[in-house]
Amino acid sequence: MDTREFRRHAHEFVDWMADYLESVERYPVRAQVKPGGIAGQLPASPPERGEPMEQIFADFKSIVLPGITHWQHPSFFAYFPANSSPPSLLAEMLTATLGAQCMLWQTSPAATEMETRMLDWLRQMIGLPEGFTGVIQDSASSAILCAILTARERATAGRANEDGVSGRSTVYCSDQTHSATEKDAKIAGIGKNNVRKIPVDERFAMRADALDAALAEDTQAGATPICVVASLGTTGVGAMDPLGAIGEVCRRRGVWLHVDAAWAGSALILPEHRHLLDGIEHVDSFVFNPHKWLFTNFDCSAHYVRDPDALIRTFEILPAFLKTREKGHVIDYRDWSVQLGRRFRALKLWFVIRSYGVARLREMVAAHIDMARELEGWIRAAPDFELMAPRALSLVNLRYHPEGVDEPAALDALNERLLEAVNDTGRTYLTQNRVRGRYAIRVAIGQTYTERRHVEAAWRIIRDTARGL
Ligand code: PLP
């Protein structure tokens, strides 16, 4: 394809992209295809000769689009959002065009220096104190892995990296923590049986006294506690672990404290939620995902550390082909994560933050929280529905509980049927949860284009579908 042809198709694609954003509501939110429905339309072998872009694009529309779940649909309330925005899309186009691989300062100084600056902008925006230094990871899962590995190296004075893992090390989180911590402990050679799930209080927050007791017990049994992963905004119910009380325990016992604020971190741009950071002085590392709730395309996970040298010591490896004359005088982000190669991910942050400005970003996040507050009110007012957990920011857990159905298993089955029926309408998309063992329906508000009317419509669909079951 020459640049003349590229230009023509690119203009056509940009028109399609704008049309898509304008009309995304006409698609079913969750893909309605059956397993194998897309694979069956893709030839088993690659084409020997090139095909015209017109044909490829036509197939994109007829084969691919029906198999897409529309995360940018304003009625997407499943999981947590992976929202984006027009400025972020524009930056991604430029990033793809440059195609720079930004592993070293020298392989694109602008990418490195922009990343340093953007992570500091974000730090200020969410109220993290000075002294935290940021790096963009691909995901919160990777950031938690980095935290566990760095903590492991600190606890073993670098021996695990040199000689491999030996002895029993332990990691701590609550029984509400995202499964990424357990997965990362497996990868780090800690073992999932050495992840202690600390019980929670009535608001689903980790109990610092129970953490302290578990640490004492394990230390006495000869284990080496290395890391506590506290959450601000757990995935199920959005619970907020108390950083002050947990941090005090970690400090006293010399254990690394990582904070997983993957979703809720974006809400910290609102000063009224900054109290969640009380105790941040005890925290060693912190992650939140602008790619969830800050209008920035996936992937963009903001990982902060207090001691970048500890991170670098954990990951640094210097083969001859990666040496540059600037080494030691500049940041080479390849030493800050598992991966070597890196995309220019800071550009989309620059575009998003500059294009909206912090004040507008605050308004957008606050609007999502207001919508959830209103939904909470509607649920409270409905005699046959109930909240399954306190609303957390823009996350609501609910269940249908009609009069006369009180047997727990029957209620679980009824709500499971309700969720499937709602999602089969294609008009909204919600996901399930278990709250104290019982089935709950989760509504996570945070899509860029969601307005009050979309939440109202979703609530109507839930109610009408439930009453028609
Ligand atoms: N932590 C929390 C609280 C999450 O909700 C999620 C995903 O939703 C993760 C971690 C994992 O995020 P990622 O997909 O960025 O690895």
Side-chain angles (χ1 to χ4, degrees), residues 69 71 76-84 119 122 126 134-149 171-188 195 197-198 200 203-206 227-241 243 246 257-268 273 276-277 283 285-304 337-339 342-343 345 348-349 368 372 389 392-397 429-435 440 442-447:
T69 289
W71 285 68
F76 182 101
F77 301 116
Y79 305 99
F80 279 135
N83 67 17
S84 78
L119 272 279
L122 280 179
I126 64 169
V135 52
I136 302 180
Q137 305 285 1
D138 55 14
S139 62
S141 302
S142 291
I144 299 166
L145 176 61
C146 290
I148 291 176
L149 293 174
V171 166
Y172 303 78
C173 59
S174 88
D175 57 18
Q176 300 290 311
T177 306
H178 190 275
S179 51
T181 292
E182 200 166 303
K183 182 176 178 179
D184 291 337
K186 292 201 296 187
I187 298 168
V195 177
K197 306 274 179 70
I198 305 299
V200 295
R203 292 187 70 82
F204 305 95
M206 192 196 295
C227 183
V228 173
V229 178
S231 301
L232 288 185
T234 57
T235 311
V237 298
M240 309 291 176
D241 291 338
L243 301 189
I246 291 172
L257 176 55
H258 176 77
V259 175
D260 175 10
W263 160 69
S266 294
L268 297 175
H273 298 299
L276 295 171
L277 288 178
V283 171
S285 53
F286 180 100
V287 67
F288 89 102
N289 287 354
H291 72 226
K292 277 188 161 52
W293 194 12
L294 212 56
F295 316 101
T296 305
N297 276 73
F298 188 84
D299 54 328
C300 184
S301 197
H303 175 204
Y304 290 91
S337 57
V338 174
Q339 66 186 103
R342 340 178 66 243
R343 298 173 69 238
R345 289 176 293 210
K348 55 194 170 191
L349 281 172
H368 290 146
L393 302 171
S394 64
L395 176 65
V396 176
N397 274 269
Y429 183 25
L430 317 167
T431 38
Q432 74 289 345
N433 185 24
R434 287 268 170 185
V435 180
R442 244 175 117 263
V443 184
I445 300 173
Q447 210 293 316

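One-based numbering, in listed order, for ligands and for the atoms of each. All values reported here derive from a predicted model rather than from experimental measurement.
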Side chain, backbone, both or neither: D299 near ligand 1, heavy atoms under 4.0 Å = neither

How close does the nearest protein non-hydrogen atom get to [atom], and which residue and atom is it?
atom                    : value
atom 14 (O) of ligand 1 : K292 NZ, 4.1 Å
atom 11 (C) of ligand 1 : H178 CE1, 3.7 Å
atom 13 (P) of ligand 1 : A140 N, 3.6 Å

Taking distance alone, with N or O pairs closer than 3.5 Å, would you say [X] contacts ligand 1?
X    : value
T234 : no
W263 : no
S141 : yes
D260 : yes
A262 : no

Donor + acceptor pair across side chains of [X], [Y] (<3.5 Å):
X    : Y    : value
S142 : S139 : yes
S231 : D260 : no
H258 : S285 : yes

Heavy atom of G233 under 4.0 Å from ligand 1?
-> yes

Under the salt bridge (charged side-chain N to carboxylate O under 4.0 Å, His left out) rule, what do D138 and R342 come out as? Steps first, then yes or no, please.
-> CA-CA 9 Å; D138 55 14; R342 340 178 66 243; over 6 Å; no

Tell me whether the guanidinium CZ or amine NZ of R442 lies under 6.0 angstrom from the six-membered ring centre of F80 and within 45° of its axis.
-> yes

How close do [X] and [Y] get, heavy atom to heavy atom, and via which atoms?
X    : Y    : result
C227 : I148 : SG-CG1, 4.3 Å
H303 : C146 : CE1-CB, 3.7 Å
N433 : G236 : ND2-O, 3.1 Å
F286 : A261 : CZ-CB, 3.7 Å

For [X], the ligand 1 atoms whose distance to one of its heavy atoms is below 4.0 Å:
X    : value
F80  : 5 (O), 8 (O)
H291 : 15 (O)
T235 : 2 (C), 3 (C), 4 (C), 5 (O)
N289 : 12 (O), 15 (O)

